[in-house]
Amino acid sequence: MKLAKTLHISHAERLRDELESLLDSDANIRLDVSDVETVDTASLQILCALKTSLLASKGEIEWLGTSPALLAAAQRLGVQEFLDLRQND
């Protein structure tokens, strides 16, 4: 799934619904973050909830592309390691 350029609270419900539908279909979820330029706390909380759900089912998030904005936001909130985000993904 390709994530939008802007991950903002105004789109959080739609993001959550889209990610939940992926949970039903596969144990591992591939997220393309290459277009992400803006990320808020609500969106990061949704990504953390996705990770928590996947951990329970032994699944993973596979990050495709890179997003300095997503990495920086995750670092600021202290969830970079939990989400397993790396600079060179």
Side-chain angles (χ1 to χ4, degrees):
M1 177 178 144
K2 190 165 188 77
L3 295 183
K5 180 178 176 179
T6 301
L7 300 179
H8 186 265
I9 193 167
S10 61
H11 306 288
E13 186 175 352
R14 181 175 43 161
L15 175 62
R16 185 201 67 219
D17 292 345
E18 289 173 352
L19 293 175
E20 280 181 355
S21 72
L22 294 175
L23 276 174
D24 296 335
S25 63
D26 200 353
N28 293 322
I29 294 179
R30 302 174 91 190
L31 296 179
D32 183 343
V33 298
S34 57
D35 288 346
V36 176
E37 294 180 2
T38 306
V39 183
D40 69 2
T41 302
S43 299
L44 273 172
Q45 288 173 324
I46 291 168
L47 293 173
C48 286
L50 172 67
K51 174 73 173 192
T52 300
S53 295
L54 287 169
L55 286 172
S57 65
K58 306 278 192 258
E60 298 179 5
I61 297 174
E62 182 181 347
W63 301 103
L64 306 174
T66 59
S67 169
L70 179 60
L71 182 62
Q75 287 172 333
R76 275 193 306 278
L77 293 176
V79 297
Q80 177 190 0
E81 188 174 321
F82 175 71
L83 289 173
D84 199 25
L85 284 168
R86 294 186 188 88
Q87 185 91 27
N88 297 324
D89 281 337

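Just so it is clear, the structure is predicted and the values come from calculations on it, not from any experiment. Any value given below was found using the heavy atoms of this structure, including those in side chains, with hydrogens, waters and symmetry copies removed.
Summarising the geometry, atom CG belonging to Leu71 is positioned 10.0 Å from atom CZ belonging to Arg76; distances are rounded to the nearest 0.5 Å. Taking CD from Glu37 and OG1 from Thr6, the interatomic distance works out to 7.0 Å, rounded to the nearest 0.5 Å. Within the model, atoms CD1 of Ile46 and CD of Glu20 stand 9.0 Å from one another, a figure rounded to the nearest 0.5 Å. Considering CG of Asp40 and NE2 of His11, their distance stands at 9.5 Å, rounded to 0.5 Å.
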Verdict with supporting geometry, Asp84 and Arg86, salt bridge (charged side-chain N to carboxylate O under 4.0 Å, His left out): CA-CA 6 Å; Asp84 199 25; Arg86 294 186 188 88; 2.8 Å; yes
Full working for side-chain contact (heavy atoms from CB on, under 4.5 Å) between Lys2 and Asp35: CA-CA 8 Å; Lys2 190 165 188 77; Asp35 288 346; 2.8 Å; yes
Take Asp17 and Glu13 through the side-chain contact (heavy atoms from CB on, under 4.5 Å) test and state the conclusion after the steps. CA-CA 6 Å; Asp17 292 345; Glu13 186 175 352; 4.0 Å; yes
side-chain contact (heavy atoms from CB on, under 4.5 Å) between Leu50 and Leu31, intermediate numbers included: CA-CA 11 Å; Leu50 172 67; Leu31 296 179; 4.0 Å; yes
Intermediate values then yes/no, side-chain contact (heavy atoms from CB on, under 4.5 Å), Leu15 and Leu3: CA-CA 9 Å; Leu15 175 62; Leu3 295 183; 3.8 Å; yes
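Residue Gln75 places its CD atom among more than 12 non-hydrogen atoms of other residues, nucleotides or ligands, all under 6.0 Å distant.
Panel note: side chain Gln80, backbone Leu85; a donor-acceptor pair is recorded below 3.5 Å. Of the possible polar contacts, one joining the Ser43 side chain to the Leu7 backbone as a donor-acceptor pair under 3.5 Å is found.
Exactly one of Ile61, Leu70, Val39 qualifies for a side chain to side chain contact (heavy atoms under 4.5 Å, CB included) with Leu47. That residue is Leu70.
Following chains of ILVMFWY side-chain contacts shorter than 4.5 Å, one cannot reach Val36 starting from Ile9, and the two form parts of different hydrophobic clusters.
Nearest heavy-atom pair, Ser34 versus Gly65, reported as atom, atom and distance to 0.1 Å: CB-CA, 4.1 Å. Met1 approaches Leu22 most closely through the heavy-atom pair SD-CD1, 3.6 Å.
Annotation: side chain of Leu55 is in contact with side chain of Phe82 (closest heavy-atom distance under 4.5 Å).
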